[in-house]
Amino acid sequence: MVEKRKNKILTWIGTISFTIISLIALFPIISLIISSFRPSSELMRQGISFKINLSELSLDNYTYLFTQAAEYWAWYGNSLIISALTIILSLFFSSMVGYALAVYDFKGKNLFFVLVLLILMIPFEILMLPLYQLMISTQLIDTYLAVILPMVVAPVAVFFFRQYALGLPVQLMDAARIDGSTEYGIFFKIMLPLMGPSLAAMAILQGLSSWNNFLWPLLVLRSNDMFTLPLGLATLLTPYGNNYDVLIVGSVLTIIPIVILFVFFQRYFIAGLTTGGVKG
């Protein structure tokens, strides 16, 4: 009886603690949403705050964004296309590489994995210059491919998929080979479905990274109509004036795709992270 009461008290303490932590973490987002309903004059005077004055709140900023801010929706579309392609291509190629490093034995396998770990430890800022020169030499500057290609085979994704694939049952591969299945058939029809939780977890991580990517698109994108959302929103802050009408409301709407992505894959997210983290 005492033990049950103690567990109940600990459960309540944990629930209250995590609720408080969640509210603290959500406080900036709530403040941003509230500020998006204020006119730009009030934003200039008060900034982003949690203060609520119903007489100041209106839908004018959202009306302006949906009716007159055509550039913003071009940036939004660019970000959606780039993020979607990055997620699809990264999951496809990185899962294949990680799977191969986990289940096959070939010459140079350990060396290749060490190289993956070395690249993982090198900051992207060090790799930007050679990558930028490569984009220039291939004439891909100011295109979607220039933003996407360096992210297609991410070292962190390769490492993650390798760790997950180490726990896959190799007996299924042997059984499939006996039935006459090819190695590609084994991967796509048997092993890849088993890697579903890891794919979902990495889809969220890669999607979040691509959606918020600022520095690399800043280097390779030149024209305004090719900008992604982080670049486009940054152009609204200039020495000659700041367009807070679009900036604040636009920042609120940038949260929506990531929330949708997480809600869609959340049932697999924790399972994918924990399983991939303990295998090896």
Side-chain angles (χ1 to χ4, degrees), residues 80-122 124 127 131 134 138 144-211 213 257-258 260-280:
L80 286 175
I81 293 172
I82 290 174
S83 297
L85 291 176
T86 300
I87 292 172
I88 294 171
L89 294 176
S90 177
L91 294 184
F92 180 78
F93 290 107
S94 298
S95 63
M96 291 183 70
V97 176
Y99 169 80
L101 289 175
V103 303
Y104 293 116
D105 291 321
F106 52 90
K107 187 176 182 180
K109 169 184 175 180
N110 293 330
L111 176 60
F112 189 86
F113 182 61
V114 170
L115 291 176
V116 171
L117 295 179
L118 288 175
I119 297 174
L120 182 61
M121 291 185 288
I122 298 175
F124 183 73
L127 303 174
L131 285 174
L134 178 63
T138 54
Y144 290 150
L145 286 177
V147 182
I148 296 171
L149 284 181
M151 316 299 169
V152 165
V153 184
V156 64
V158 172
F159 176 80
F160 181 80
F161 285 123
R162 175 191 178 272
Q163 296 302 104
Y164 194 92
L166 287 173
L168 296 177
V170 294
Q171 295 83 359
L172 292 178
M173 298 176 60
D174 297 333
R177 292 191 184 105
I178 294 175
D179 290 338
S181 179
T182 63
E183 295 301 318
Y184 288 104
I186 294 173
F187 175 69
F188 287 109
K189 296 179 181 179
I190 301 175
M191 293 305 184
L192 194 61
L194 294 177
M195 295 173 66
S198 66
L199 293 171
M202 192 50 58
I204 294 175
L205 297 178
Q206 289 294 93
L208 182 62
S209 175
S210 176
W211 187 258
N213 194 5
I258 297 301
I260 293 175
L261 188 65
F262 184 79
V263 169
F264 187 73
F265 290 122
Q266 66 174 333
R267 57 182 298 188
Y268 306 105
F269 182 65
I270 301 300
L273 288 180
T274 53
T275 305
V278 300
K279 298 298 179 183

Here's one to test your reading of the geometry: is the NZ or CZ of R162 within 45 degrees of the ring axis of F113 and under 6.0 Å from its centre? yes

Name each donor-acceptor pair under 3.5 Å that joins a side chain in residues 183-190 to protein atoms two or more places apart or in another chain, with its distance.
residue: E183; atom: OE1; partner: Y104; partner atom: OH; Å: 2.4
residue: E183; atom: OE1; partner: R177; partner atom: NH2; Å: 3.2
residue: E183; atom: OE2; partner: R177; partner atom: NE; Å: 2.7

Side chain to side chain contact (heavy atoms under 4.5 Å, CB included) involving I178 - partner list, sequence neighbours excluded: none

Between CZ of F160 and OG of S198, what distance do you get to the nearest 0.5 Å? 5.5 Å

Quick one: salt bridge (charged side-chain N to carboxylate O under 4.0 Å, His left out) pairs with a partner in residues 83-99, sequence neighbours left out? none

Residue pair L192, Y99: steps toward the side chain to side chain contact (heavy atoms under 4.5 Å, CB included) verdict: CA-CA 9 Å; L192 194 61; Y99 169 80; over 6 Å; no

Straight-line distance of M173 CE to L168 CG, nearest 0.5 Å: 9.0 Å

Can you sort out the partners of L131 under side chain to side chain contact (heavy atoms under 4.5 Å, CB included), two or more places apart, ordered by chain and number? F124, L127, P150, W216

Could you note down all residue pairs passing salt bridge (charged side-chain N to carboxylate O under 4.0 Å, His left out) where residues 83-95 supplies at least one of them, sequence neighbours left out? none

Results of side chain to side chain contact (heavy atoms under 4.5 Å, CB included) for T86 - residues two or more places apart only: I82, I148, M151, S210

Which residues pass the side chain to side chain donor-acceptor pair (under 3.5 Å) test with Y144, sequence neighbours left out? N78

Applying salt bridge (Lys or Arg N to Asp or Glu O under 4.0 Å), name anything that partners D105, two or more places apart in sequence or on another chain. K109

Which heavy atom of W211 sits nearest to which heavy atom of S83, and what is that distance? CE3-OG, 3.4 Å

Looking at residues at least two apart in the chain, or sitting in another chain, which of them share a side chain to side chain donor-acceptor pair (under 3.5 Å) with S90? Q206

Side chain to side chain contact (heavy atoms under 4.5 Å, CB included) between L145 and T138, intermediate numbers included: CA-CA 11 Å; L145 286 177; T138 54; over 6 Å; no

